[in-house]
Amino acid sequence: VMKAVLMCALAALALGHRLHGTRPNFIVFFCDDWGYGDLGANWPETRETPNMDTLASRGMRLTDMHSMSVCTPARAALLTGRLGLRTGVVVNFSPASLHGLPDSEHTLAHYLKEANYSTGAIGKWHLGHHPHYHPTYRGFDSYVGVPYSVDMGCVNCQNVNLPPEVPCPFDPHPQISDPALPLYNSTGPDCGGHACNSDIIEQPADLTTLASHYATAAQQFIGKHASGQPLAGTPFFLYVPFSHVHVPLSHDPQFTHKSARNTTFGDTLLELDHTLGLIVAAVEAAGLAASTLVVLTGDNGPWNVKCDLAGSQGPFKGLYQAHLGGGGTGKFTTWEGGHRVVGVATWPGKIAAGAVSAATVSTMDLVPTFAALAGTPLPTDRVFDGVDISTVLFDGAPAAPGRDALFHPSCDGDYSGQLDAARIGKHKAFFVTYGAPACNASAGKRIVHNPPLIFDLEADPAESTPLADPPAALINQFKSALQAKLHNISTTFRSAANYSTGGSAAWPCCNASHVGCRCED
């Protein structure tokens with residue numbers, strides 16, 4: 001009788017809770033400057049993502065998923081589960097940065113290592129490249145990738161940007177040149193115990209083969225976990241922050257003129273999709289699909305100032321910004337097009353195929369969700385802004401338990417990190433608005449709103465018209481939520497990021513005897 005009672009109780013427990021501690025493998029695909037509308041499953045005008053669309057059809061599309069609005073803060077938030085006002089990471093680190101994500105902050109890889117996971121990072125890091133900040137110092141066993149955005153250092157391969165890129169100089173050269181973009185291959189923790197610069201295998205990195213490097217590294221990492229291989233039976237976390245589709249755009253020549261739109265952006269997006277397809281196929285070939293949770297998302301919306309080299313915000317146009325002085329409403333802004341990103345999650349047999357969820361979720365939710373599934377506790381000395389979304393993924397819950405509000409930090413210069421906008425249910429409040437530089441247009445000025453502008457995103461996803469007379473109770477709900485969040489941040493554990501720089505000598509350098517730190521001239 002007792003056994004029957006226990007079995008009934010277990011059956012009544014939500015699948016999301018029953019999966020806690022099952023220790024699946026995790027793969028996170030994190031695409032760069034990739035808009036909500038750059039996935040065909042989200043936006044039919046996009047026809048360059050067949051592999052991603054197939055992935056979406058096999059699992060759940062999260063149509064209300066959010067990140068930060070620019071590169072470094074987005075990566076810090078995903079890997080720590082915490083807002084920039086807590087981690088100190090509110091703007092991008094530069095190639096000359098001497099520091100990175102504060103070492104008082106722990107990453108998702110760190111937490112999973114405590115659960116005996118194998119961990120690998122492949123792609124754009126952008127959280128510091130010196131010792132203590134390089135990926136292999138932050139919980140990852142290995143790393144293949146570039147340390148920051150692909151426009152932060154010269155290259156010599158064919159590429160397209162606005163304005164055009166200046167190629168790397170060759171020896172001899174009369175002028176001092178900033179170092180070229182490097183590509184790392186670090187095969188052990190702490191850069192294998194030697195100087196991280198010795199792990200640079202290309203400088204300048206060849207952008208026409210970069211995606212191929214990523215695919216090969218991922219295939220090798222996954223293959224080590226197949227049956228009969230050295231890490232068989234060891235769960236893994238593979239973090240793949242792609243460099244695509246950040247400018248300068250470049251790709252293998254095999255994709256030239258192959259996209260449906262026949263543009264440089266379309267061809268680059270097609271290569272991104274192809275690369276992801278190769279990695280997913282490697283999971284299947286290794287017989288690991290049934291034990292692997294895959295998440296596909298992005299760091300922020302399109303970089304509007306890059307014109308036709310930028311992607312699509314889909315329906316999230318931020319139209320009201322035109323009445324506030326104009327400017328872009330994608331990357332760098334708190335309009336939906338800046339932080340609402342693609343969200344896809346698959347796990348065969350656990351996440352229903354073809355599911356669509358409108359729950360408001362965040363990339364910060366991956367830390368508590370993965371930790372729960374891995375059965376590893378999170379520290380109690382700090383507050384996490386992400387919440388466990390297991391019941392959303394596995395039970396179709398309409399909302400993420402524990403989330404009363406979601407805040408959207410500014411990426412506006414000196415104001416970066418401030419909580420300029422917030423989301424509660426279907427409503428979004430702007431305490432401050434601004435526009436980023438746009439295609440052939442300047443930025444829109446920063447405007448403080450008291451009372452806040454409030455939009456109904458269900459009725460008006462384009463944010464075209466704020467509520468004419470929002471209820472006082474709704475205004476007060478947003479103001480109270482903001483005050484409570486700021487009080488919580490100010491009275492709990494926080495880190496301070498050091499943004500000091502050291503000039504060109506602080507950049508990654510393969511061979512200082514060559515101009516631009518070229519490995520070979």
Measuring from atom [atom1] of [X] to atom [atom2] of [Y], what distance do you get when rounded to the nearest 0.5 angstrom?
X: Asp267; Y: Glu48; atom1: CG; atom2: CD; answer: 8.0 Å
X: Trp507; Y: Met152; atom1: CH2; atom2: CE; answer: 8.5 Å
X: Leu393; Y: Leu62; atom1: CG; atom2: CG; answer: 6.0 Å
X: Asp206; Y: Glu202; atom1: CG; atom2: CD; answer: 6.0 Å
X: Leu79; Y: His106; atom1: CG; atom2: NE2; answer: 13.5 Å
X: Tyr214; Y: Lys124; atom1: OH; atom2: NZ; answer: 9.5 Å

Assert yes or no for the condition that the ring centre distance of [X] to [Y] is strictly below 6.0 Å.
X: Tyr499; Y: His99; answer: no
X: Tyr184; Y: His134; answer: yes
X: Phe370; Y: Phe26; answer: yes
X: His274; Y: Phe255; answer: yes
X: Phe221; Y: Phe236; answer: yes

Could you tell me whether [X] atom [atom1] has more than 12 heavy atoms of other residues or ligands within 6.0 Å of it?
X: His132; atom1: NE2; value: no
X: Gln158; atom1: CD; value: no
X: Phe493; atom1: CZ; value: yes
X: Asp414; atom1: CG; value: no

request  = Evaluate the criterion side chain to side chain contact (heavy atoms under 4.5 Å, CB included) for residue pair Thr346 and Val344; output intermediate values, then yes/no.
outcome  = CA-CA 7 Å; Thr346 68; Val344 171; 4.1 Å; yes
Distance alone, cut at 3.5 Å: any donor-acceptor contact between the side chains of [X] and [Y]?
X: Asn161; Y: Asp151; value: no
X: Ser390; Y: His20; value: yes
X: Thr208; Y: Asp252; value: no

Verdict with reasoning, Arg494 to Thr87, per side chain to side chain donor-acceptor pair (under 3.5 Å) = CA-CA 6 Å; Arg494 289 180 291 167; Thr87 66; over 6 Å; no
Judged by atom type as modelled, is there a donor-acceptor pair below 3.5 Å linking the side chain of [X] to the main-chain atoms of [Y]?
X: Ser410; Y: Gly417; value: no
X: Thr292; Y: Ile27; value: no
X: Gln203; Y: Cys510; value: yes
X: His244; Y: Thr275; value: no
X: His225; Y: Gly233; value: no

With side chains defined as the heavy atoms from C-beta onward, is the minimum distance between [X] and [Y] less than 4.5 Å?
X: Thr391; Y: His17; result: yes
X: Val155; Y: Pro167; result: no
X: Pro204; Y: Arg518; result: yes

task = List the steps, then state whether ring pair (Phe, Tyr, Trp, His ring centres under 6.0 Å) holds for Phe316 with Tyr36.
result = CA-CA 8 Å; Phe316 305 109; Tyr36 181 92; 4.9 Å; yes
request  = Please state whether the rings of His339 and His408 are parallel, tilted or perpendicular, taking 30° and 60° as the class boundaries.
outcome  =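 The rings of His339 and His408 lie parallel, inter-plane angle below 30°.
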task = Starting from the C-alpha separation in whole Å, work towards a yes-or-no answer on side chain to side chain donor-acceptor pair (under 3.5 Å) for Thr136 and Asp190.
result = CA-CA 5 Å; Thr136 59; Asp190 299 347; 5.5 Å; no
task = Using the ring-ring contact (aromatic ring centres under 6.0 Å, His included) rule, pick out the option among Trp34, Phe29, Phe30 that qualifies with Phe242.
result =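 The passing option is Phe29.
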